[in-house]
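Notes follow the structure.
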Amino acid sequence: MKVRLGYVALSKAMNDITTSSTITYTNYINKNYTVDKLLDVTKSNLDALKELLIYNVKNNIHFYRLTSKLVPLATHDKVSFDYIKPLDNKYKEIGNIINDSNMRVDTHPDQYAVLNSMDKKIIKNTFKILEYHYKVLKALKINNPIIILHVGSSACGKKASITRFINNFNKLPEHIQKCITVENDDKIYNIKDVLNLCTKLNIPMVLDYHHYICNNDEEKIEDYIKEIMNTWKNINPKFHFSSPKSNLKKEFRSHHDYINSDDFIKFINILKPYNKDVDIMLEAKAKDDAISRLVRELKYKTNYNFLDETTFII
C-alpha cells in the first residue's frame, strides 16, 4: 500500500511566492482597470504557480491543491473575460510540469460554492465557480480533474437539502459532473450522508478524517472505508487529514499548524487492511512544513518504507 502526502496552495518554504494575488471589484471599477490588468495579475499568479510546482518536483511532492484565487474576479457576476486563451501558453507550460512529473493536482472551491442553496443567485454563481475551476483544470491538461465540494446548506432539513443538491447536480454540464467529488463536513453532513449521496450520483467521496471525528453518529469508520474507496473508479482514493487546533470545544474544528503523528498513524492503520494506494491531503496551516515534520516523526515511530520525502509504503 503506497501513501502519498500533499499540501494546499501555498508553500511555507517559498513564502515570498503567492498564487493568489487579486484585485477587488471596487478597485477594478474605481481605478478604471481593464481586462489587461486582470490578465497581468493572472499571469503573475501563473508564474508563481510554475515556481511552486518546480519546487514540488524537486522535493518529490506529488500531490498538490490549487488555490481557488488563481484568476482575479473570474467568478464575479459583473465581470466577464477570457482568462484562458490569452495565457494559453502559460497554462500549457505549467501543465507539462504537472503531467511530466505525474503530480496529482486538484481543486476545492471556496465557501461561496453552494450547489444546494435555496437562493437562485447563489446557484447561478456556483455554476460559474464550477465552470471556472473546470476551465483552469482543462487548460492545465489535468488528467482525471477533480473538483471537491461540500453538500452545503441544510435549509429545510437534510433530506430536502440533499434532494436540492442532486437536482442541481443533474443540471450541471456533463463535463463538470464528471469532475465533482463530495466531502463530509464537520457540522452537518456525516460520512453516511455523503456516501449515500455519492453512491446515488455515482461520483467519488472524499473522506475527511478530522470532520468525521467532529461529526458522526457513533458509527465505526472501519465499516465505511471499503465503500468509500470503491467510489473511486480510475484514480487512487483521496483522503483529507488534519489535527484540531486544540481540544477546546471552540477550537476543535479548526486546523492545527501541524499534524498529530499518533493520530495519523492510527488513521493509516485503519486504511492498511484494504491494501490500496491512497493520496492524503494534509490540511495543516504549516503547509509543506507540516509534511516535513510529520515524515520525520513517522520515520522515528514506524517502520514505513519511505520511497522519497513524501511517499511511503506500508
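- For the residue pair T67 and S20, a side-chain donor N or O sits within less than 3.5 Å of a side-chain acceptor on the partner.
- L172 is listed as a side-chain neighbour of L115, based on a closest heavy-atom distance under 4.5 Å.
- Contact check on D106 versus K238 returns a salt bridge, with a Lys/Arg side-chain nitrogen under 4.0 Å from an Asp/Glu carboxylate oxygen.
- Residues I180 and P204 share a closest heavy-atom pair of O-CD, 3.7 Å.
- Between the side chains of T311 and D308, a donor-acceptor pair is found at a separation under 3.5 Å.
- Two residues are said to be in side-chain contact when any heavy atoms from C-beta on lie closer than 4.5 Å; I221 and I270 meet this criterion.
- Donor-acceptor pairing under 3.5 Å is lacking for the side chains of E283 and S242.
- Using a 4.0 Å cut-off between charged side-chain N and carboxylate O, D279 and R4 make a salt bridge.
- The two residues L137 and I146 have their closest heavy-atom pair at CD1-O, 3.8 Å.
- The residues D262 and K266 are annotated as not salt-bridged, no charged nitrogen and carboxylate oxygen being separated by less than 4.0 angstrom.
- Rounding to the nearest 0.5 Å places OG of S11 at 9.0 Å from CG of D16.
- Aromatic ring centres of Y83 and F81 lie closer together than 6.0 Å.
- No more than 12 heavy atoms of other residues, nucleotides or ligands shown are found within 6.0 angstrom of NZ on K69.
- Taking both residues in full, the closest heavy atoms of T310 and N60 are given as OG1-O, 2.5 Å, listed atom of the first, atom of the second, then distance.
- The pair K178-E174 meets the salt-bridge criterion, with a side-chain N (NZ, NE, NH1 or NH2) lying under 4.0 Å from an Asp/Glu carboxylate O.
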request  = Evaluate the side-chain hydrogen bond (donor to acceptor under 3.5 Å, both in side chains) criterion for residues E183 and H240: first the C-alpha distance (whole Å), next the side-chain angles of each, then the deciding distance (0.1 Å), finally the verdict.
outcome  = CA-CA 9 Å; E183 170 191 358; H240 290 173; 3.2 Å; yes

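- Residues S246 and F252 fail the side-chain proximity criterion, which asks for heavy atoms closer than 4.5 Å.
- Under the 4.5 Å side-chain criterion, counting only non-hydrogen atoms from C-beta, I176 is not in contact with F127.
- Put simply, the side chain of I268 reaches to within 4.5 Å of the side chain of I280, judged on heavy atoms.
- No side-chain N or O of N59 forms a donor-acceptor pair with one of E309 less than 3.5 Å apart.
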message = Set out, in order, the CA-CA distance, both residues' side-chain angles and the distance that settles ring-ring contact (aromatic ring centres under 6.0 Å, His included) for F239 and F241, then state yes or no.
response = CA-CA 7 Å; F239 297 89; F241 192 95; over 10 Å; no

query = What's the verdict on ring-ring contact (aromatic ring centres under 6.0 Å, His included) for H210 and H256, showing C-alpha distance, side-chain angles and the deciding distance?
reply = CA-CA 11 Å; H210 183 195; H256 198 285; over 10 Å; no

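- Aromatic rings of F63 and Y7 (six-membered ring for Trp) have centroids beyond the 6.0 Å cut-off, not under it.
- By the 6.0 Å and 45° rule, K31 does not stack over the aromatic ring of Y33.
- Remark: D77 does not engage K124 in a salt bridge, criterion side-chain N to carboxylate O under 4.0 Å.
- Judged by the 6.0 Å and 45° rule, K299 forms a cation-pi pair with F306.
- A donor-acceptor contact under 3.5 angstrom links the side chains of D288 and Y55, judged on distance only.
- With a 4.5 Å cut-off on side-chain heavy atoms, Y274 and M229 count as touching.
- Between R293 and D289 there is no salt bridge, since none of the side-chain N atoms of the basic residue sits less than 4.0 Å from a carboxylate O of the acidic one.
- A centroid separation of less than 6.0 Å is found between the aromatic rings of H175 and Y134.
- A heavy-atom distance below 4.5 Å is not found between the side chains of I191 and N216.
- Between F264 and F312, the two ring planes are perpendicular [angle over 60°; tilted spans 30° to 60°].
- For the residue pair N215/N184, the side-chain donor-acceptor check at 3.5 Å is not satisfied.
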